[in-house]
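Contents: one structure, followed by commentary.
Source: prediction; values computed, not measured. Just follow the structure's listing: the first ligand is 1, and inside any ligand the first atom is 1.
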Amino acid sequence: MIRNLIRYAYRSLSYQQLNNSRSAKPMAEKLLMTHCSSFLLRPPSTNGENGPPSVTYALIILNQRLPRFSPLLWEHAKIRLCADGGANRLFDNMPELCPQEDNVSVIHERYKPDVIKGDMDSIRPEVKSFYKNLGTKIVDNSDDQDTTDLHKCITYIRDFVSDEDKPNLCILVAGALGGRFDHEMGNINTLCRFSTTRIVLLSDDCLIQLLPSSRRHEIHIQSSVEGPHCGLIPIGAPSGSSTTTGLQWDLDNTEMRFGGLVSTSNIVKGEIVTVRSDSDLLWTISLKKQP
Ligand SMILES: Nc1ncnc2c1ncn2[C@@H]1O[C@H](COP(=O)(O)OP(=O)(O)OP(=O)(O)O)[C@@H](O)[C@H]1O
Ligand SMILES: Cc1ncc(C[n+]2csc(CCO)c2C)c(N)n1
């Protein structure tokens with residue numbers, strides 16, 4: 001009798017275990033997300049020569065020194081916005097970035113933003129009326145003192161781009177780093193607030209983008225314009241496990257947290273860096289001075 005009971009208990013246990021292992025499906029492979037800084041290369045003369053043709057770039061110019069490659073970003077972009085005082089930077093600094101053209105008026109007219117949006121406390125009145133007269137749309141959001149001008153511009157672009165085009169959208173943000181630390185952190189926070197939108201923060205020295213944990217990532221390094229210095233940094237919360245390939249100091253199921261290890265001063269070794277993590281990470285890479 002006891003032997004029968006034990007046999008029954010074993011049988012039901014193994015049945016349950018079998019059942020569990022059947023219902024526990026293998027972990028779904030994360031979808032691949034690829035990244036490529038081809039917006040720092042000359043745009044192809046015909047679509048599709050140079051970088052992914054499916055990407056629709058939008059450009060936002062912030063109120064910071066314009067990166068030297070801003071004219072290139074401008075050429076790539078389908079829509080161009082200035083965040084409030086960013087319009088002053090476009091007006092003041094674009095001429096010095098276009099030495100091949102010495103007529104400043106020509107440059108001012110060629111680089112006309114589609115939209116200027118923000119709380120309008122930094123744009124100079126004469127700059128505002130200059131672009132308004134050229135046909136730029138001015139969106140005054142001075143009633144909103146809770147979101148940054150960058151945030152306001154991103155919502156404009158997301159509303160402007162059709163649902164069909166949204167998966168291909170990549171927003172380039174010029175002048176996002178360097179200068180005031182509160183602004184830099186606000187700019188990084190917009191990466192987290194719009195974590196499902198591709199956004200690249202750019203300065204003369206580096207770029208930053210968010211790698212969502214829901215995807216595995218392949219970063220195709222454009223070694224003529226970027227690297228080798230790079231970093232992977234958890235933001236907002238510690239990351240339990242991250243694994244990479246293609247770096248000098250690869251992560252192997254490594255935990256990262258502020259107060260512990262974060263991967264800074266790392267070096268790109270391969271043409272492709274792969275990243276997989278259980279939490280969102282910031283990817284940053286240095287930009288070369290002389291491509
Ligand atoms: N020094 C900076 N570093 C990084 N980003 C900046 C810097 N200054 C401005 N920005 C960015 O440019 C956007 C527009 O700047 P602007 O100076 O017009 O903003 P603002 O709201 O008037 O700033 P504040 O009132 O805090 O001085 C900001 O929302 C921010 O994203
Ligand atoms: C808790 C808190 N801190 C700061 C601000 C100020 N602020 C944040 S975004 C913005 C607009 C800048 O163009 C301003 C003034 C706030 N509202 N709430």
Side-chain angles (χ1 to χ4, degrees), residues 39-40 57-71 73-74 77 79-94 96-97 108 111-132 134 136-160 169-210 231 233 235-236 264 282-287:
F39 49 81
L40 292 172
Y57 290 109
L59 173 64
I60 302 175
I61 294 180
L62 301 185
N63 191 9
Q64 254 282 78
R65 210 158 59 85
L66 287 187
R68 63 191 179 284
F69 43 79
S70 300
L73 303 181
W74 189 277
I79 178 169
R80 295 109 177 184
L81 286 82
C82 292
D84 189 7
N88 301 337
R89 303 297 181 140
L90 179 67
F91 189 88
D92 296 342
N93 301 149
M94 205 49 135
E96 65 214 43
L97 297 176
H108 283 157
Y111 294 100
K112 172 187 86 71
D114 298 294
V115 180
I116 300 173
K117 188 177 179 195
D119 63 0
M120 300 300 168
D121 61 351
S122 303
I123 188 170
R124 300 196 304 272
E126 76 276 13
V127 171
K128 186 167 142 186
S129 51
F130 176 84
Y131 287 124
K132 195 169 178 213
L134 283 185
T136 296
K137 180 171 177 182
I138 312 284
V139 186
D140 184 335
N141 271 171
S142 45
D143 52 323
D144 176 358
Q145 290 297 311
D146 291 332
T147 63
T148 65
D149 296 325
L150 171 58
H151 182 118
K152 294 175 176 91
C153 288
I154 291 172
T155 55
Y156 184 96
I157 293 168
R158 281 164 45 107
D159 292 344
F160 174 85
L169 174 66
C170 177
I171 303 178
L172 308 172
V173 184
L177 307 159
R180 266 173 51 186
F181 187 63
D182 62 328
H183 272 312
E184 290 183 292
M185 290 307 281
N187 296 339
I188 290 171
N189 186 43
T190 56
L191 297 182
C192 303
R193 285 186 99 149
F194 299 96
S195 61
T196 57
T197 303
R198 280 178 192 261
I199 302 173
V200 185
L201 302 181
L202 292 142
S203 73
D204 257 334
D205 303 307
C206 68
L207 65 75
I208 303 183
Q209 59 196 88
L210 191 79
I233 300 149
I235 191 83
T264 56
L282 294 179
W283 162 254
T284 179
I285 186 161
S286 56
L287 299 181

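Contacts between N187 and ligand 1, counted as non-hydrogen atom pairs separated by less than 4.0 Å, involve the side chain only. Contact annotation for D121 and ligand 2: no heavy atom of the residue comes within less than 4.0 Å of the ligand. Only the side chain of D119 comes within contact range of ligand 2, with a heavy atom under 4.0 Å; no backbone atom does.
Of the residues listed (V115, T190, I171), the one engaging I60 in a side-chain contact (heavy atoms from CB on, under 4.5 Å) is I171, and it is the only one.
Ranking the protein heavy atoms by distance from atom 1 (N) of ligand 1 puts R180 N, 3.0 Å first. Nearest protein heavy-atom neighbour of atom 11 (C) of ligand 2: T147 O, 3.4 Å. Nearest protein heavy-atom neighbour of atom 25 (O) of ligand 1: D121 OD2, 3.7 Å. Looking only at protein heavy atoms, the nearest one to atom 7 (C) of ligand 1 is H183 CD2, 3.4 Å. Among protein heavy atoms, atom 21 (O) of ligand 1 sits closest to D149 OD2, 3.2 Å. When hydrogens are left out, the protein atom nearest atom 5 (C) of ligand 2 is Q145 O, 4.2 Å; that is the closest non-hydrogen contact. Here the protein heavy atom with the shortest distance to atom 16 (P) of ligand 1 is S122 OG, 3.6 Å. Scanning all protein heavy atoms for the shortest distance to atom 2 (C) of ligand 1 gives Q64 CG, 3.3 Å. At the top of the distance list for atom 17 (O) of ligand 1, counting protein heavy atoms only, stands N63 ND2, 2.9 Å.
In this structure, atom 2 (C) of ligand 2 is not in close contact with the protein, since no protein heavy atom lies within 4.0 Å of it. For atom 7 (N) of ligand 2, the nearest protein heavy atom lies closer than 4.0 Å. Put simply, atom 15 (C) of ligand 2 has protein non-hydrogen atoms near it, under 4.0 Å away.
Side-chain N or O atoms of T136 include none that pairs as donor or acceptor with a backbone N or O of K132 at under 3.5 Å. Formation of a donor-acceptor pair under 3.5 Å by the Q209 side chain with backbone atoms of T284 is not found in this model. No donor-acceptor pair under 3.5 Å is formed between the side chain of Q64 and the backbone N or O of A174. Put simply, the side chain of N187 never gets that close to the backbone of L150: no donor and acceptor are under 3.5 Å apart. With hydrogens and angles ignored, the 3.5 Å screen pairs no side-chain donor or acceptor of R193 with any backbone N or O of H151. Within the 3.5 Å criterion, the main-chain N or O of D149 finds no donor-acceptor partner in the side chain of D84. Checking side-chain atoms of D114 against main-chain N and O of I79 turns up no donor-acceptor pair under 3.5 Å. N88 places a side-chain N or O within donor-acceptor distance of the main-chain N or O of S122, the cut-off being under 3.5 Å. A donor-acceptor pair under 3.5 Å is absent between the side-chain atoms of K117 and the main chain of C153, judged by distance alone.
Under a 4.0 Å heavy-atom criterion, A176 is in contact with ligand 1. Residue-ligand proximity: A83 is placed with a non-hydrogen atom under 4.0 Å from ligand 1.
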Task: Worked check of ring pair (Phe, Tyr, Trp, His ring centres under 6.0 Å) between H108 and Y131 - done: CA-CA 9 Å; H108 283 157; Y131 287 124; 7.3 Å; no

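When each atom of ligand 1 is checked for a heavy atom of D84 under 4.0 Å away, the hits are 18 (O), 22 (O). Of all atoms in ligand 1, listed by their number and element, those nearer than 4.0 Å to a heavy atom of L150 are 29 (O), 31 (O). Residue-ligand proximity, G178 to ligand 1, at heavy-atom distances under 4.0 Å covers atoms 1 (N), 2 (C), 3 (N), 4 (C). Of all atoms in ligand 2, numbered sequentially from 1 with element shown, those under 4.0 Å from a heavy atom of D149 are 13 (O).
Between D146 and ligand 2, a contact under 3.5 Å exists for at least one N or O pair. Between G85 and ligand 1, an N or O atom pair is found at a separation short of 3.5 Å.
For the residue pair N93/R65, the side-chain donor-acceptor check at 3.5 Å is not satisfied. Between the side chains of D144 and T147, at least one donor N or O lies within less than 3.5 Å of an accepting N or O.
The shortest distance between side-chain heavy atoms of L287 and D204 does not fall below 4.5 Å.
For the residues N88, I60, L62, the heavy atom positioned nearest atom 13 (C) of ligand 1 is part of L62.
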